[in-house]
Amino acid sequence: LEDFIAATARYFLLTKSKKAGKVGLKPMLPITSGNVINTGAITPVFLFDESQVIPDSFEITYVPLADRKPFCALMLWRQQPDNDIGLIRTTEVRYTGTATDGPYEQHDLSAFCTSELHAVRAGAFIVARRRYVSHTLRIKARPQAYGSTLSRGDIVQVKLAKIASS
């Protein structure tokens, strides 16, 4: 079950979370109180600074430029008539003016997706993530009270002083 959830949750814009020993699903994107994707400014759950970060634990990994090139996501979904066999449909998702002739990346949602809108939203997330995520950051933090409030997928901010050195 965990393998199935890990493979399909991202197409529902969900991620696995574990908090206080409880495993569950939570939205990948910030949501409003009405459970709608928040398109406004992102508010981090916590702010890390030098006092919480263990020295020399800061690691930043940049996504290679070749992996960030524009592409077209081919989203396969199933149109399910009431009294007939389902038909596999394809929807292309890309940014305007980019990847008009490829490269293409296919994502098969036909086993569980029966709405073109669902397929488009999942494709838009995949295309946007590839376009806007330029790096990942790994830090080790001192154990304090925030350890029980944060869970995987929470949006945090890291502010460290820039110190020039030779």
Side-chain angles (χ1 to χ4, degrees), residues 1-32 35-75 92-99 102-109 112-113 118-166:
L1 182 60
E2 278 193 46
D3 292 339
F4 175 76
I5 290 171
T8 59
R10 71 183 183 131
Y11 295 121
F12 289 93
L13 305 180
L14 297 170
T15 186
K16 189 174 120 179
S17 70
K18 188 174 185 179
K19 192 171 186 178
K22 295 179 183 177
V23 178
L25 294 172
K26 67 183 279 184
M28 279 185 173
L29 301 170
I31 57 171
T32 64
N35 291 327
V36 178
I37 295 172
N38 186 358
T39 57
I42 296 174
T43 305
V45 176
F46 192 81
L47 170 65
F48 286 97
D49 60 19
E50 289 89 359
S51 65
Q52 291 105 3
V53 176
I54 296 173
D56 299 325
S57 70
F58 179 85
E59 296 176 26
I60 189 165
T61 306
Y62 291 97
V63 177
L65 192 56
D67 293 345
R68 296 186 60 217
K69 290 189 177 181
F71 73 102
C72 178
L74 294 174
M75 308 304 290
E92 293 184 358
V93 180
R94 68 169 72 88
Y95 280 100
T96 304
T98 64
Y104 296 95
E105 188 175 291
Q106 182 172 305
H107 296 270
D108 188 0
L109 284 62
F112 52 84
C113 178
H118 178 177
V120 168
R121 286 184 177 161
F125 177 77
I126 292 167
V127 171
R129 186 173 185 158
R130 180 86 55 89
R131 183 177 193 174
Y132 292 111
V133 175
S134 61
H135 60 281
T136 58
L137 174 70
R138 182 181 302 262
I139 60 170
K140 291 181 185 175
R142 293 185 169 82
Q144 292 180 357
Y146 57 79
S148 62
T149 61
L150 293 177
S151 64
R152 180 180 175 203
D154 283 343
I155 296 173
V156 298
Q157 186 175 12
V158 179
K159 279 193 171 185
L160 302 176
K162 292 182 181 180
I163 302 172
S165 66
S166 59

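Residue Val93 comes nearest to Ala124 through the heavy atom pair CG1-N, 3.6 Å, listed as atom of the first residue, atom of the second, then distance. Closest approach of Met75 and Ile126 over heavy atoms only: CE-CD1, 4.2 Å. Nearest heavy-atom pair, Arg142 versus Ser51, reported as atom, atom and distance to 0.1 Å: NH1-O, 3.2 Å. Contact between Cys113 and Ala119 at its shortest, heavy atoms only, is SG-N, 3.8 Å. Residues Gln52 and Leu47 approach most closely at OE1-O, 3.9 Å, considering heavy atoms. Across all non-hydrogen atoms, the minimal contact from Ile139 to Val158 is CD1-CG2, 4.2 Å.
By the 6.0 Å contact criterion, NZ on Lys26 is enclosed, its count of non-hydrogen atoms from other residues, nucleotides or ligands being greater than 12. The environment of CZ in Arg129 is sparse: at most 12 heavy-atom neighbours from other residues, nucleotides or ligands sit within 6.0 Å. Atom CG of Asp56 is surrounded by 12 or fewer heavy atoms from other residues, nucleotides or ligands within 6.0 Å. Within a 6.0 Å sphere centred on CG of Leu65, heavy atoms belonging to other residues, nucleotides or ligands number 12 at most. Glu50 CD: more than 12 foreign heavy atoms inside a 6.0 Å radius.
Within the 4.5 Å cutoff, the side chain of Phe12 has no heavy atoms near those of the Ile5 side chain. You'll find the side chain of Pro30 reaches within 4.5 Å of the side chain of Ile155, heavy atoms only. In this structure, the side chains of Val127 and Arg94 stay at 4.5 Å or more apart for every pair of heavy atoms. You'll find the side chain of Arg10 reaches within 4.5 Å of the side chain of Met28, heavy atoms only.
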Legend entry - Verdict with supporting geometry, Val53 and Leu160, side-chain contact (heavy atoms from CB on, under 4.5 Å): CA-CA 9 Å; Val53 176; Leu160 302 176; 4.1 Å; yes
Inset, instruction - Take Tyr132 and Arg68, measure what side-chain contact (heavy atoms from CB on, under 4.5 Å) needs, and give me the verdict at the end. - result: CA-CA 8 Å; Tyr132 292 111; Arg68 296 186 60 217; 5.9 Å; no
Inset, instruction - Evaluate the criterion side-chain contact (heavy atoms from CB on, under 4.5 Å) for residue pair Leu137 and Phe58; output intermediate values, then yes/no. - result: CA-CA 7 Å; Leu137 174 70; Phe58 179 85; 2.9 Å; yes
Legend entry - Stepwise side-chain contact (heavy atoms from CB on, under 4.5 Å) test for Asn38 and Thr32: CA-CA 5 Å; Asn38 186 358; Thr32 64; 3.9 Å; yes
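Rounded to the nearest 0.5 Å, atoms CG (Asp3) and OG1 (Thr8) are 10.5 Å apart. A distance of 9.0 Å separates CD1 in Ile31 from CD1 in Ile37, rounded to the nearest 0.5 Å.
Using a 4.0 Å cut-off between charged side-chain N and carboxylate O, Arg130 and Glu105 make a salt bridge.
Each of Leu13, Leu14, Ile42 was scored for a side chain to side chain contact (heavy atoms under 4.5 Å, CB included) with Leu29, with one residue passing: Leu13.
Under a 3.5 Å cut-off, the side chain of Arg131 and the backbone N or O of Pro70 do not form any donor-acceptor pair.
Ring geometry, Tyr11 versus His107: the interplanar angle exceeds 60°, so the pair is classed perpendicular (tilted spans 30 to 60°).
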